[in-house]
Amino acid sequence: MSKGRIFDDTVPLLAAAGIAVDPEATRSRKLILPTGDPGLRLIIVRASDVPTYVQYGAADLGVAGKDVLLEHGGDGLYQPIDLRIGLCRLCVAAREDFDYAQAVRRGARLRVATKYVDTARQHFAAKGVHVDLIKLYGSMELAPLVGLADVIVDVVSTGSTLRANHLVEVEEIMNISARLVVNQASLKTRAARLEPLLSRLEQAVAAQAASAVPS
Ligand code: PRT
Ligand code: MG
């Protein structure tokens, strides 16, 4: 898993499933962390690398955002559990003074900066909007401000980063949450080990959802 919000939200789920993790452990800069279960270790990687580690079986299990999984393609992965953490939405955002609806109506060719190149390509193709895609690796919010792109495709949670940069969400593409992913071969060869863990995690997710205050 990645060390940011995914780690922070997964640790309580693991705890509820009976697996203790020291939340301070990520500060140590160690990339492999022990858990209370001697047969289970956590591997800390970049969020976008999680599907790759699991696809090749370097990890049996992973926790990755649907945004990351869509862009990866999901080859070799089962996605059995929606963990209902890391909630956000994938959206198109533009400068406050950019008339997105009008640009789309008049068939303008849009420059789109994003790290989600494939997902963005599919979204605009389905709408019949012509785009030039510009691949970025971070801080997409900057691109429209300095004339690199007309719009960005990025995940948004509170919206405060967009607001702070005078950007507005002009289109929602989809709601995003993190999924448990499982190496397809591991699930067969290590079923006795993995199945009980999966059902405990499933129960932990259900219990967390049941105790959440409805919004
Ligand atoms: O090393 P790397 O940065 O790749 O990983 P990380 O350790 O930071 O990753 P982590 O654990 O944070 O996981 C990333 C995943 O969290 C994404 O793939 C999403 O599925 C999910 N997620 C949920 C988010 C956000 N919410 C989110 N807000 N990922 C990123 N953001 C960014 C957003 O793009 C914006 O730039 O956070 C910024 C602040 O968002 P606002 O709207 O709250 O201001
Ligand atoms: Mg990050």
Side-chain angles (χ1 to χ4, degrees), residues 1-15 21-33 42-55 58-59 61-74 77 79 81-96 112-120 122-123 133-146 148-149 151-181 201 205 208-209 212 215:
M1 66 182 71
S2 49
K3 70 177 184 306
R5 61 202 101 210
I6 298 278
F7 180 87
D8 296 342
D9 289 357
T10 303
V11 166
L13 276 180
L14 288 174
V21 180
D22 177 2
E24 291 296 301
T26 46
R27 288 179 204 255
S28 71
R29 296 185 156 259
K30 280 197 196 320
L31 298 175
I32 302 181
L33 305 177
L42 302 183
I43 303 174
I44 304 300
V45 300
R46 287 298 298 264
S48 50
D49 290 337
V50 168
T52 307
Y53 276 82
V54 179
Q55 173 185 8
L61 304 168
V63 178
K66 190 177 174 192
D67 50 329
V68 165
L69 291 167
L70 280 172
E71 199 61 24
H72 170 270
L77 304 176
Q79 301 182 25
I81 305 176
D82 181 346
L83 297 171
R84 306 196 214 176
I85 59 172
L87 301 180
C88 55
R89 54 197 187 276
L90 188 66
C91 69
V92 183
R95 275 167 61 145
E96 288 162 352
V112 181
T114 185
K115 66 177 175 191
Y116 305 105
V117 171
D118 286 343
T119 310
Q122 283 174 35
H123 172 72
L133 290 154
I134 301 168
K135 168 86 181 181
L136 292 179
Y137 293 87
S139 300
M140 265 84 80
E141 294 89 353
L142 186 60
L145 304 182
V146 295
L148 179 62
V151 300
I152 61 173
V153 169
D154 193 11
V155 294
V156 176
S157 46
T158 62
S160 52
T161 306
L162 291 183
R163 276 192 297 280
N165 291 291
H166 303 286
L167 301 175
V168 289
E169 184 176 335
V170 292
E171 194 162 71
E172 182 173 319
I173 300 178
M174 70 180 81
N175 285 313
I176 300 288
S177 59
R179 312 296 157 113
L180 187 80
V181 294
L201 276 171
V205 172
Q208 198 172 76
S215 56

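Order of listing sets the numbers, starting from 1, for every ligand and every atom in it. It should be emphasised that the depicted structure is a prediction, and the values quoted were computed from it without experimental measurement.
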Return yes if a side-chain donor-acceptor contact under 3.5 Å exists between Arg163 and Thr161, otherwise no. no

Measure the [atom1]-[atom2] distance between [X] and [Y] for me, rounded to the nearest 0.5 Å.
X: Thr114; Y: His123; atom1: OG1; atom2: NE2; value: 11.0 Å
X: His72; Y: Leu69; atom1: NE2; atom2: CG; value: 8.0 Å
X: Lys66; Y: Leu83; atom1: NZ; atom2: CG; value: 13.5 Å
X: Asp67; Y: Tyr116; atom1: CG; atom2: OH; value: 3.5 Å
X: Ile85; Y: Leu87; atom1: CD1; atom2: CG; value: 8.5 Å
X: Ile44; Y: Lys30; atom1: CD1; atom2: NZ; value: 12.5 Å

Applying a heavy-atom cut-off of 4.0 Å, say which part of [X] lies close to ligand 1: side chain, backbone, both or neither.
X: Asp154; result: side chain
X: Glu141; result: side chain
X: Val68; result: side chain
X: Cys88; result: side chain

Which atoms of ligand 1 have any heavy atom of [X] under 4.0 Å away?
X: Thr158; answer: 41 (P), 42 (O), 43 (O), 44 (O)
X: Val156; answer: 42 (O)
X: Ile176; answer: 20 (O)
X: Gly65; answer: 20 (O)

Any N or O of Arg46 closer than 3.5 Å to N or O of ligand 1: yes

Looking only at distances, can you tell me whether any N or O atom of Gly4, backbone or side chain, sits closer than 3.5 Å to an N or O atom of ligand 1? yes

Atom pairs and distances, donor-acceptor, side-chain atoms in residues 133-142, under 3.5 Å, two or more places apart:
from   : atom 1 : to     : atom 2 : distance (Å)
Lys135 : NZ     : Lys115 : O      : 3.2

Whether the side chain of Asn165 engages the backbone of Leu167 through a donor-acceptor N/O pair (distance < 3.5 Å, no angle test) should be reported. no

Could a heavy atom of Ala178 be found less than 4.0 Å from some atom of ligand 1? no

Heavy-atom nearest neighbour of atom 20 (O) of ligand 1 within options Asp9, Val50, Asp67: Asp67

Minimum non-hydrogen distance to atom 37 (O) of ligand 1, winning option of Arg163, Arg179, Arg5, Lys3: Arg5

